[in-house]
Amino acid sequence: MALAAASSAPPALRRSDVTDALLTEALRATAPECLVVFGAGGGVGDVVEASGARRVVVVDRNVVHVRAAIDGLEGRSYVEVIASDGTSHLDSGLRADAVAIRAPREKQVALQLIHDAYRLLPSGGRLYLAGALRDGMKPYIEFASGLFGGMQPLAMRKGCRVVLGIRPEASRALADPLFDHAHFHRLEADVRGMAIEVRSRPGVFAWDRLDEGTRALAEAIEVAPGDRVLDLGCGNGVIGVIAGRLGAGAVTMVDADVVAVESARRTVTANGIEHCEVLLGDGASELPPASFEVVAVNPPFHLDRQTDTRTAERFIEEAHRVLRPGGHLFLVANRFL
């Protein structure tokens with residue numbers, strides 16, 4: 001999957017924290033033949049270096065994190081960094097001796113990673129699962145225990161915990177369709193009197209509902225026949241579909257999340273929208289200047305639990321660059337911001 005070049009503006013990145021430190025300590029000198037790391041945050045370099053693994057595959061669904069990991073791990077020929085939702089874009093023949101997971105806050109996404117780790121590991125393979133208790137570690141540990149036959153506590157510090165599971169010889173198959181990367185949730189939405197069929201998966205913003213911000217943006221956007229429209233941070237593609245229905249001559253959607261991009265592509269197909277492309281990239285930095293009449297943005301305003309406006313501010317700057325003179329930016333934000 002091709003990645004657009006990174007913007008020169010600083011992206012909003014998660015810094016190394018206690019969870020990364022616990023993973024680093026747990027993996028120190030374990031020396032697996034092949035280590036897979038789910039989560040390319042600020043501490044992934046320390047985790048990789050400490051493990052002593054001969055081969056490492058670092059996986060993250062967000063292209064911003066992937067690029068940061070590529071830069072931070074430059075020169076390590078034994079490390080491969082892949083933009084993927086768990087195992088969705090990995091070689092089907094890949095097997096790991098150890099998997100390390102920095103558990104995300106989204107419950108279904110975390111359970112997916114644990115499930116994918118279980119499938120990657122052979123009998124006797126090791127799962128290192130780390131995360132903050134306030135982000136749901138207890139139910140994650142319970143789920144992992146059901147698959148691995150129990151999880152061994154390794155360390156706990158400042159509300160964060162790391163546990164170890166050993167893959168049993170007997171296999172378990174889980175029937176939940178959400179663990180199938182090819183399964184996309186179907187949602188019917190009525191927007192501006194138009195029936196929209198949405199495809200999405202966990203981890204994509206508002207994956208199982210139409211959120212108020214998206215509805216407000218969809219109801220406010222104005223598109224003249226033939227307008228070129230950019231949906232910046234498109235999520236599952238609702239705004240791009242609305243623009244197409246309103247007569248846009250061409251629609252471009254961009255998102256940094258690999259699952260959002262696939263969701264938007266499926267949403268476009270389900271609604272029969274033509275002259276529409278969906279790109280994986282961090283913003284509009286690689287799009288030509290003065291190339292759109294309309295830009296629509298429903299930007300993120302948080303990084304983890306903290307308010308963070310850097311991405312929104314950068315999107316606004318990029319919208320200004322790619323809009324032609326007289327073009328329109330439609331932006332939605334929380335009232336308290």
Side-chain angles (χ1 to χ4, degrees), residues 1-5 7 61-63 83 85 88-89 182 184-201 203-207 210-211 213-300 315 318-319 321-324 327-332:
M1 185 175 291
L3 307 182
S7 167
R61 60 190 286 160
N62 188 294
V63 68
D85 170 29
S88 62
H89 295 81
F184 281 72
H185 180 72
R186 177 177 174 176
L187 171 69
E188 299 284 348
D190 182 25
V191 186
R192 294 176 69 150
M194 294 180 277
I196 307 294
E197 189 173 309
V198 184
R199 297 285 193 271
S200 199
R201 277 188 60 77
V204 178
F205 175 67
W207 72 276
L210 183 67
D211 73 290
T214 299
R215 182 177 293 279
L217 186 58
E219 292 175 349
I221 190 172
E222 298 174 5
V223 178
D227 276 353
R228 294 161 295 177
V229 178
L230 171 63
D231 182 4
L232 195 53
C234 65
N236 54 32
V238 171
I239 299 300
V241 168
I242 291 292
R245 292 275 183 88
L246 292 175
V251 178
T252 299
M253 305 191 215
V254 181
D255 204 285
D257 184 281
V258 294
V259 188
V261 167
E262 183 59 30
S263 296
R265 287 174 178 163
R266 291 177 182 242
T267 298
V268 166
T269 300
N271 291 277
I273 304 300
E274 299 181 349
H275 310 297
C276 180
E277 62 176 349
V278 187
L279 306 175
L280 176 65
D282 178 27
S285 61
E286 283 303 292
L287 298 175
S291 54
F292 296 95
E293 282 74 35
V294 176
V295 175
V297 185
N298 182 3
F315 279 7
E318 292 178 359
R321 186 183 65 83
V322 301
L323 279 169
R324 66 164 181 78
H328 294 83
L329 167 65
F330 293 88
L331 176 132
V332 64

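For clarity, every value in this text was computed on a predicted model and none was experimentally measured.
- The shortest non-hydrogen separation linking Pro299 to Phe315 is CB-CD2, 4.2 Å.
- Residues Ile196 and Asn271 are in side-chain contact: their nearest non-hydrogen atoms beyond the backbone lie under 4.5 Å apart.
- Taking 4.5 Å as the limit, every side-chain heavy atom of Cys234 sits out of range of all side-chain heavy atoms of Val254.
- In this structure Ala270 satisfies the side-chain contact (heavy atoms from CB on, under 4.5 Å) test together with Glu197, Arg199, sequence neighbours excluded.
- With rounding to the nearest 0.5 Å, the separation of CD in Glu277 from CZ in Arg265 is 9.5 Å.
- Within the 4.5 Å cutoff, no side-chain heavy atoms of Val294 are placed close to those of Leu230.
- Summarising the geometry of Leu187 relative to Leu210, their closest heavy-atom pair is CD2-N, 3.9 Å, with the distance given to 0.1 Å.
- The two residues Met253 and Cys276 come nearest to each other via the heavy atoms CE-SG, 3.5 Å.
- Proximity of a side-chain donor or acceptor of Arg321 to a complementary backbone N or O of Ala284 within less than 3.5 Å is detected.
- Counting only heavy atoms from C-beta outward, the side chains of Phe330 and Val295 never approach each other to under 4.5 Å.
- For the residue pair Gly247 and Val223, the shortest heavy atom distance occurs at C-CG1, 4.5 Å.
- At least one side-chain heavy atom of Phe292 sits less than 4.5 Å from a side-chain heavy atom of Thr252.
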What verdict does the side-chain contact (heavy atoms from CB on, under 4.5 Å) test give for Val258 and Glu262, after you've listed the backbone C-alpha separation in whole Å, the side-chain angles of each residue and the deciding distance to 0.1 Å?
CA-CA 6 Å; Val258 294; Glu262 183 59 30; over 6 Å; no
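- A distance of 8.0 Å separates CG in Leu331 from CG in Asn298, rounded to the nearest 0.5 Å.
- Counting heavy atoms from C-beta outward, Asp211 and Thr214 have side chains that approach closer than 4.5 Å.
- Not counting sequence neighbours, His275 has no partner by the ring pair (Phe, Tyr, Trp, His ring centres under 6.0 Å) test.
- Residue Asp255 is tested with Val261, Asn62, Val204 for a side chain to side chain contact (heavy atoms under 4.5 Å, CB included); the sole match is Val261.
- In this structure, the side chains of Phe184 and Thr267 stay at 4.5 Å or more apart for every pair of heavy atoms.
- The closest side-chain heavy-atom distance from Ile221 to Leu246 is below 4.5 Å.
- Enclosure of atom CD in Glu219 by more than 12 non-hydrogen atoms of other residues, nucleotides or ligands within 6.0 angstrom is indicated.
- His185 NE2: more than 12 foreign heavy atoms inside a 6.0 Å radius.
- A salt bridge (charged side-chain N to carboxylate O under 4.0 Å, His left out) check over residues 221-236, counting only residues at least two apart or in different chains, returns the pairs Arg228-Glu293.
- Residue Ala218 comes nearest to Val191 through the heavy atom pair CB-CG1, 3.5 Å, listed as atom of the first residue, atom of the second, then distance.
- Just one of Val322, Leu323, Leu232 meets the side chain to side chain contact (heavy atoms under 4.5 Å, CB included) condition when paired with Leu329; it is Leu323.
- Of all heavy-atom pairs spanning Val198 and Val238, the tightest one is CG2-CG2, 3.8 Å.
- Note: Asp257 CG to Ser263 OG = 8.0 Å, rounded to the nearest 0.5 Å.
- To the nearest 0.5 Å, the span separating OG on Ser285 from CD on Glu318 amounts to 5.5 Å.
- Using modelled atom types, one side-chain atom of Arg245 and one backbone atom of Ala195 make a donor-acceptor pair closer than 3.5 Å.
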